[in-house]
Amino acid sequence: MAAYNPASIEPKWQKFWLEHNTFATESISTKPKYYVLDMFPYPSGEGLHVGHPEGYTATDIVARYKRARGFNVMHPMGWDAFGLPAEQYAIKTDTHPSVVTRKNIQRFRSQLQAIGFSYDWQRQVDTTDPGYYRWTQWIFTLLHDTWFDDRQNRGRPISELIEEFSSGRRQPADGVQWKTLSDADRRRILEKYRLAYQLEAPVNWCPALGTVLANEEVIDGKSEVGGFPVERRPMRQWMLRITAYARRLLDGLAALEWSESLKLMQRNWIGESQGARVRFAVAGEHLEVFTTRPDTLFGVTYMVLAPEHPLVNLCGPDVKIPAAWPAGTPETWRGQNPAPTPRAAIAAYQLATAARSERQRQEDTRKTGVFTGLYAVNPVNGDSIPVFISDYVLAGYGTGAIMAVPAHDERDFEFAQLFGLPIRPVVRPADGAEPKLPLTEGGIAFNSPWIDGLATDEAKNKICEILESKGIGSREVTYRIRDWLFSRQRYWGEPFPIVHLPDGTTVALADDELPLRLPEMTDFKPTQTMEPPLSKAGAWCHVHVQLIGPAENPRARVVPPGTAGAIAARRELNTMPQWAGSCWYYLRYLDPHNTGALCDPAVEKYWMSSPAGVDMYVGGAEHAVLHLLYARFWHQVLFDRGLVSSPEPFRKLINQGLILGEAEYTLFRDAAGKPVSMDDVDPEWTSRPGSDGKVQFVSRRRSDGAEVYASPVEPDQVERRGDVAVLKTEPEIRVDARSFKMSKSRGNVVNPDDVIRDYGADSLRLFEMFMGPLEQVKPWSMAGVEGVYRFLGRVWRHLAGAADFPSRIVEHRSGRYYLRGQPLNEEQTRAALEERESLLRPLHRTIRKVTQDIERLSFNTAISAMMEFNNLLGKPETLDRDQMLTFVRLLEPFAPHMAEELHQILTGAARSLTELPWPEYDESLCADDTVDLPVQINGKLAGRVMIDAGWADGEVLARVLADERIQSRLAGRPMKKHIYVKGRMLNLVVQG
RNA sequence: GCCCGGGUGGCGGAAUUGGCAGACGCUCAGGACUUAAAAUCCUGUGACCGUUUUCGGUCGUGCGGGUUCGAGUCCCGCCCCGGGCACCA
């Protein structure tokens, strides 16, 4: 047989699987279901890097294993293909994004197929396909048609809200009478309840990208994509009311099999705070604040509003701000260049705040602010307290206003000191220690007539009761999470299925108008005017519609102009963010070609109800908050609206760890080229473009601040000394040793295509899994790939033979044994049977280990177990064919191409190995009859003694005490007691 | 600053429930095959000490303490690394 040659066998089996539809999934089956899902990729222009196949290989192993265990397995793949990078690239190269996207998808798919993943490609989804985004738009209309009922804690159809309003069971906010309203006014009221609504709000506007970004897409005041500066600007935007589901999103986490750290990240993001809402009187109005420390109400010495707070609005007829400074207003309260009036001071401050980017606001936390000229009344003691505005109070959180308690809050403390405001302590440490202000922890209340002497927790409860009874406040839970800014001023996304009517109201398109296709445009560049690119789509932007359905809640159908009752309307010109398509793709895989529903209910029920949700979802931790929170939100709405049968989409979730580049050694040299030891180098490097086009990494010498320059060092010039690496030739020079995240600029990206070319897909798969635990960060190593490649080569040699190494496979046919077609004589047969017998226990142990390790996703140890078994195959004269087939079956999920080929060689069968069931192991064959038992004396290893595994405590002790070596180690000391752990070890406890 | 996760040979890692620390692989060294090299196969590879081969001993899982017959594993205190959040009242 020829040597192991992955380049010939891998394409052969990939073709076979595709042609035979080997991995087709039944939409509904009598078999139990198993849904194992990968986070679908964004098909970037760069193609795959070795990080992608890590999670994909893990899920593929599980998928192949579960199929062998008799499950109907859903294991699909698709493309999250809308989004910024393709559009940016399209703009740069003047190609249409759909062309770029199609090309990238083809590249990704051929790369994935070359790795031999067992996806059911007939279920592939593409978020940019109108047949797909039709349903993304449909779900948007569902969100638009849903309101959140706080009483029932669930989303309900808008029609039921109308019912409640018209029956009088519920009163619309603002105290209006539903019955007296016009249809248009009713529509305006309903818009305030819909889960999809519009809001004029300060948004993160990124001039370079020409779009608004979600809070989550802004990192350190710069855009996550591209790293461009982001500024705040007011703009009308579509929002999704995710805050209504905050409680549900929080509660739902408990039942999920996610890592605790991931759940915690989501909990922190949602950010629940228990506290109270308290009403202060100011300028004849109620000013509400949210506080988590109502027990410090008696310590309030001033108030602060966000600069955007409605009370300090200077436009319109009802300005509350006084025209002149109250007598005695200190100079320092009047703004930077003391303003002549409070209104001037506020206007100037508001302008300054708007001009400050998010980044500046985060970097510079020095307190600024101006006095509003207003005084508020503290409801608990009647104190008159000044009201300020300051940008340390955020408009979007709580009520956008705070009661300031400088004695017990660091920010208020800092502000009070700056503005010379009184600081009144009302909590002292419980242990009687000298209070150091600000005291932000709990303690004992004092100077607080209603709650003096109470500990903080009791004081909070007590004061809430009093506030509620007096009608000046109430308990309240506030969430940090904001509503989700859902619109983008870009071309390459789903158009909103929405039209704007001349009366200013907004109507969703009727279902049969979907999909609303993205218009073909040659000029899809951002406009620079904050108008979306779709504004350049000409006739597409303007339509005539007929309203159908109930007058308060109609849908729009596009009709030719001049049709009776047609209204001229304007299309919504924003598009949806990239997250939209990924919020529900896991449902579309179940029924990808359905044109009548996003998914057939019976199919959904089969896959998503028992056990509930996706059985295993694997992806990168970078999606820990955003994608996973958004998808859960949509799923919960779909659940409330009866479209899915599980409350949560992803029952079990695994984050694969990042794969870093190969370990690198870096030596720093000064300008003269003299090596500088790392001890003397600032660990914060910076990079800049070097003269040769590559990136030059630069740092500073600590001793004199001079610039030093990084240069790579070959591993063989370096020696490890404990925690540090030094130059072999100059051991006093320490070099930097670490692995870096793969990036194009660093030039350490490993392309899976190259690995496949040199070692084959099976080696790639095996090494991806052998590197270490799935969830851990691990450095890549080509030498390691070579290691697993050698392992596969040895398996091949053992089972298929080689030119210099004939096959030793012994086959049992009609009562006789054959080796290479020749029957064995009696003696040879006996020897062969003996060799089979000697491999029996190791084989069963290997089956058990591989089975258990796949179940617990410990793929690296499963591979070790197979390596250990393979290491036993070199010595015997003969190998039993059936035993070897069992071994090949175990190998299949990991190295499927080689396993298929070996199966064919061993059996001659033309069928796929994947049709064979997973091998069973016999527990009694996993344990040895005799054990070389470690014996300890006082917990230290003193020797070993052979015993029978079945022996009782007494028998073992007798045998051990009879052992000469143990006797000499005991040296006659009297034994106090012994501890025997069956089959594991024996500990003798003696004096001394 | 706050909240998580983690520190085991030269390297990646193993030890599933408190019970033989270092499985498996890489690296390196020696040997076989070869005219030679590569590939392949075999042997060894935590540190230190003694015998200087067989063998035996001591130490050893970031550091310091504790619990236990027994600790990589549990508890307390520190150090370092990685990740997340960060004016959220």
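Protein chains get the first letters and strands the later ones, always in sequence-line order, with residue 1 at the start of each. All values below were derived from every heavy atom in this structure, side-chain atoms included, with hydrogens, water molecules and symmetry-related copies excluded. Just so we're clear, the structure is a prediction, and the values are computed from it rather than from any experiment.
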Would you check if the side chain of [X] reaches a backbone N or O of [Y] as a donor-acceptor pair within less than 3.5 Å?
X	Y	answer
N378(A)	V380(A)	yes
N938(A)	V990(A)	yes
N987(A)	H978(A)	no

Tell me every residue that passes side chain to side chain contact (heavy atoms under 4.5 Å, CB included) with S858(A), counting only those two or more places apart in sequence or in another chain. D853(A), R856(A), N860(A), T861(A)
Give me each pair satisfying ring-ring contact (aromatic ring centres under 6.0 Å, His included) with a member in residues 391-417 of chain A, each pair once, sequence neighbours excluded. Y302(A)-F415(A), F388(A)-F415(A), Y392(A)-F415(A), F415(A)-F419(A)
Identified stems (criterion: three or more consecutive Watson-Crick or G-U pairs, under 3.5 Å), RNA chain B: B:1-7 with B:79-85, B:10-12 with B:24-26, B:28-32 with B:40-44, B:46-50 with B:55-59, B:62-66 with B:74-78
Whole angstroms only, please: what is the [atom1]-[atom2] distance between [X] and [N]?
X	N	atom1	atom2	value
D736(A)	rC81(B)	CG	P	12 Å
E622(A)	rG82(B)	CD	C1'	16 Å
R808(A)	rC41(B)	CZ	C1'	12 Å
I270(A)	rG84(B)	CD1	C1'	15 Å
D409(A)	rC87(B)	CG	P	13 Å
E414(A)	rG1(B)	CD	P	16 Å
F805(A)	rC42(B)	CZ	C1'	13 Å
F791(A)	rG13(B)	CZ	C1'	17 Å

Which part of the nucleic acid, if any, lies within contact of V405(A), taking any heavy atom under 4.0 Å across all strands shown: a base, the sugar-phosphate backbone alone, or nothing? nothing
Contact class for S390(A) vs. all strands (heavy atom < 4.0 Å): base, sugar-phosphate, or nothing? nothing
For atom [atom1], what is the distance between [N] and [M], given to the nearest Å?
N	M	atom1	value
rA39(B)	rA71(B)	C1'	46 Å
rA86(B)	rC78(B)	P	27 Å
rA37(B)	rA32(B)	C1'	15 Å
rC20(B)	rU43(B)	C1'	24 Å
rG44(B)	rC80(B)	P	42 Å
rU54(B)	rU16(B)	P	32 Å
rC79(B)	rG62(B)	C1'	7 Å
rU67(B)	rC49(B)	P	34 Å

Excluding sequence neighbours, so at least two apart, what forms ring pair (Phe, Tyr, Trp, His ring centres under 6.0 Å) with Y921(A)? none
Could you list the residues that satisfy ring pair (Phe, Tyr, Trp, His ring centres under 6.0 Å) with F740(A), not counting sequence neighbours? W685(A)
Report the nucleotide, chosen from [options], that has the shortest atom-to-atom distance to any side-chain atom of [X].
X	options	answer
R965(A)	rA89(B), rG56(B), rC85(B)	rG56(B)
K778(A)	rC69(B), rA89(B), rG13(B)	rG13(B)
P773(A)	rC69(B), rG13(B), rA89(B)	rG13(B)

Using the test side chain to side chain donor-acceptor pair (under 3.5 Å), find all partners of R293(A) that sit at least two apart in sequence or belong to another chain. D295(A)
Can you name the side chain to side chain donor-acceptor pair (under 3.5 Å) partners of E923(A), sequence neighbours left out? R848(A)
Along nucleotides 15-24 of chain B, 5' to 3', which nucleotides get a B, which get an S, and which get a -, given that the test is a protein heavy-atom distance under 4.0 Å? SB--BB--BB
Is there any protein nitrogen or oxygen under 3.5 Å from a nitrogen or oxygen in nucleotides 26-33 of chain B, and what are the pairs?
from	atom 1	to	atom 2	distance (Å)
rC26(B)	OP1	R790(A)	NE	3.2
rC26(B)	OP1	R790(A)	NH2	2.9
rU27(B)	OP2	R790(A)	NH2	3.3

Short N-O contact, K263(A) and E260(A), less than 4.0 angstrom: yes
Should E54(A) and K778(A) count as an ion pair when the cut-off is N to O under 4.0 Å? yes
Rounded to the nearest 0.5 Å, what separation is found between the CZ atom of F290(A) and the CZ atom of R277(A)? 9.0 Å
Using O4'-C1'-N9-C4 for purines and O4'-C1'-N1-C2 for pyrimidines, with syn meaning within 90° of 0, is rG9(B) syn or anti? syn
V387(A) versus F280(A): any side-chain heavy-atom pair under 4.5 Å? no
Whichever of K940(A) and G874(A) has its nearest RNA chain B nucleotide further upstream toward 5': G874(A)
For D391(A) and for L988(A), find the nucleotide of RNA chain B with the closest heavy atom, then tell me which residue's nucleotide is more 5'. L988(A)
What residues 258-265 of chain A contributes to the RNA chain B interface at heavy-atom separation below 4.0 Å is S261(A), L264(A), M265(A)
Could you list by number each residue of residues 295-303 of chain A showing a heavy-atom separation from RNA chain B of less than 4.0 Å, or answer none if no residue does? none
Polar pair under 3.5 Å, donor/acceptor by atom type, side chain K976(A), base rC69(B): no
What heavy-atom pair brings L418(A) and K367(A) nearest, and what distance separates the two atoms? CD2-O, 3.0 Å
Which label fits F869(A) and F887(A): parallel for a plane angle under 30°, tilted from 30 to 60°, or perpendicular past 60°? tilted
Any idea how Y759(A) and Y789(A) line up, ring-wise: parallel (<30°), tilted (30 to 60°), or perpendicular (>60°)? perpendicular
Assess whether atom CD of E410(A) is packed by more than 12 heavy atoms of other residues, nucleotides or ligands within 6.0 Å. no
Taking only residues two or more places apart in sequence or in another chain, which ones pass salt bridge (charged side-chain N to carboxylate O under 4.0 Å, His left out) with R797(A)? D804(A)
